[in-house]
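Remember, it's 1-based here, ligands and their atoms both numbered in the order they're listed.
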Amino acid sequence: MQIYVEFGDITTITSDVIVNAANGALSGGGGVDGAIHRAAGPQLLEECLTLGRCAPGDAVITSAYELPARHVVHCVGPVWYGGERNEDRLLASCHHRTLELAAEVGAHHVTFPAISCGAYRFPINRAATIAARTVANFMASQALPDKVTFVCFERKTFRAFNKAIEELHSSQQSP
Ligand code: AR6
């Protein structure tokens, strides 16, 4: 199973699908959302604004315009409120829904940022574990995508995702 972690800026990665950590209005914003919209150009926002709202845990797909990708999947992660508002389930759901949309367009390689780990304040180690498990479970049962990369913009996020992937591999190897 090809799951990788890289350090850097997601807008520079060549991939079939780049995933955006969007807000429910799909209206652009700060963080990785701002970077993706700047790199894609104004047509991305024009398309997003035709799509209506997207609920936490869900995702929508658009073209990628000037990005080095075919599509952008905009998924809406949960805001962290302490763990009592279904945050874990919603984080898993937005990763799962993203992969379903990517598979529908025949994507082989999907690149995720650390959804909900910035402005939405999800604890990073917990988010990394949920993201890694959800992606691995999906890939174990579906032909596409066959490669997923997590791109991390900060050292602590990079460490958390590497640890989560290592734990995944060691749990798969144990009898
Ligand atoms: N490449 C990769 N990762 C990045 C980049 C980049 N260029 N820039 C930031 N990150 P956030 P959220 C990391 O806040 O928590 C937006 O305003 C960042 O370091 O972008 O899901 C939306 O419109 C962090 O690890 O997304 C929403 O309102 C991760 O991306 C809200 O923020 C996610 O941080 C979504 O919040």
Side-chain angles (χ1 to χ4, degrees), residues 3-42 44-62 64-69 71-83 85-99 101-102 109-132 134-135 147-165:
I3 306 180
Y4 301 100
V5 184
E6 284 188 28
F7 183 75
D9 177 351
I10 199 169
T11 64
T12 67
I13 306 284
T14 300
S15 184
D16 295 315
V17 166
I18 286 179
V19 184
N20 185 17
N23 55 61
L26 305 173
S27 57
V32 72
D33 195 2
I36 284 175
H37 276 277
R38 278 193 299 279
L44 181 62
L45 184 59
E46 282 172 29
E47 184 175 354
C48 284
L49 295 178
T50 66
L51 298 175
R53 290 193 66 85
C54 182
D58 203 356
V60 296
I61 192 164
T62 65
Y65 300 99
E66 303 298 323
L67 286 161
H71 297 278
V72 177
V73 172
H74 307 260
C75 74
V76 181
V79 177
W80 178 260
Y81 288 108
R85 297 198 196 176
N86 268 329
E87 291 97 323
D88 290 353
R89 190 182 59 75
L90 290 169
L91 188 66
S93 168
C94 71
H95 285 82
H96 190 270
R97 185 69 192 122
T98 292
L99 295 172
L101 291 172
H109 182 199
V110 176
T111 303
F112 280 93
I115 306 293
S116 286
C117 291
Y120 284 179
R121 306 181 314 270
F122 208 104
I124 292 171
N125 287 314
R126 187 172 178 133
T129 300
I130 293 167
T134 306
V135 164
K147 177 177 173 186
V148 167
T149 304
F150 291 104
V151 177
C152 302
F153 205 54
E154 297 163 309
R155 289 280 165 205
K156 63 184 177 188
T157 317
F158 181 67
R159 280 195 296 272
F161 275 78
N162 270 311
K163 185 162 165 276
I165 301 300

| query | Side chains of Phe112 and Leu99: does their closest heavy-atom pair fall under 4.5 Å? | reply | yes

Give me the pairs of N or O atoms, one from ligand 1 and one from the protein, that sit under 3.5 Å apart.
from, atom 1, to, atom 2, distance (Å)
ligand 1, 1 (N), Ile10, N, 3.0
ligand 1, 7 (N), Asp9, OD1, 2.9
ligand 1, 14 (O), Ala119, N, 2.8
ligand 1, 15 (O), Cys117, N, 3.4
ligand 1, 15 (O), Gly118, N, 2.8
ligand 1, 15 (O), Ala119, N, 3.1
ligand 1, 15 (O), Tyr120, N, 3.0
ligand 1, 17 (O), Gly30, N, 2.9
ligand 1, 19 (O), Glu154, OE1, 3.3
ligand 1, 20 (O), Val32, N, 2.9
ligand 1, 21 (O), Ser116, N, 2.8
ligand 1, 23 (O), Asn23, ND2, 2.8
ligand 1, 23 (O), Asp33, OD2, 2.7
ligand 1, 28 (O), Tyr120, OH, 3.3
ligand 1, 34 (O), Gly118, N, 3.3

| Could you go step by step and tell me if Ile115 and Cys75 meet the side chain to side chain contact (heavy atoms under 4.5 Å, CB included) rule? | CA-CA 8 Å; Ile115 306 293; Cys75 74; 3.5 Å; yes

| message | Please verify the inter-ring angle class for Phe158 with Phe7; under 30° counts as parallel, over 60° as perpendicular, anything in between as tilted. | response | perpendicular

| query | With a 4.5 Å heavy-atom cut-off, do Tyr120 and Asn23 have their side chains touching? | reply | yes

| Below 4.5 Å, heavy atoms only, C-beta onward: do Val110 and Asp16 meet side chain to side chain? | no

| request: Working to the nearest 0.5 Å, report the span between CZ of Phe122 and CD1 of Ile130. | output: 4.0 Å

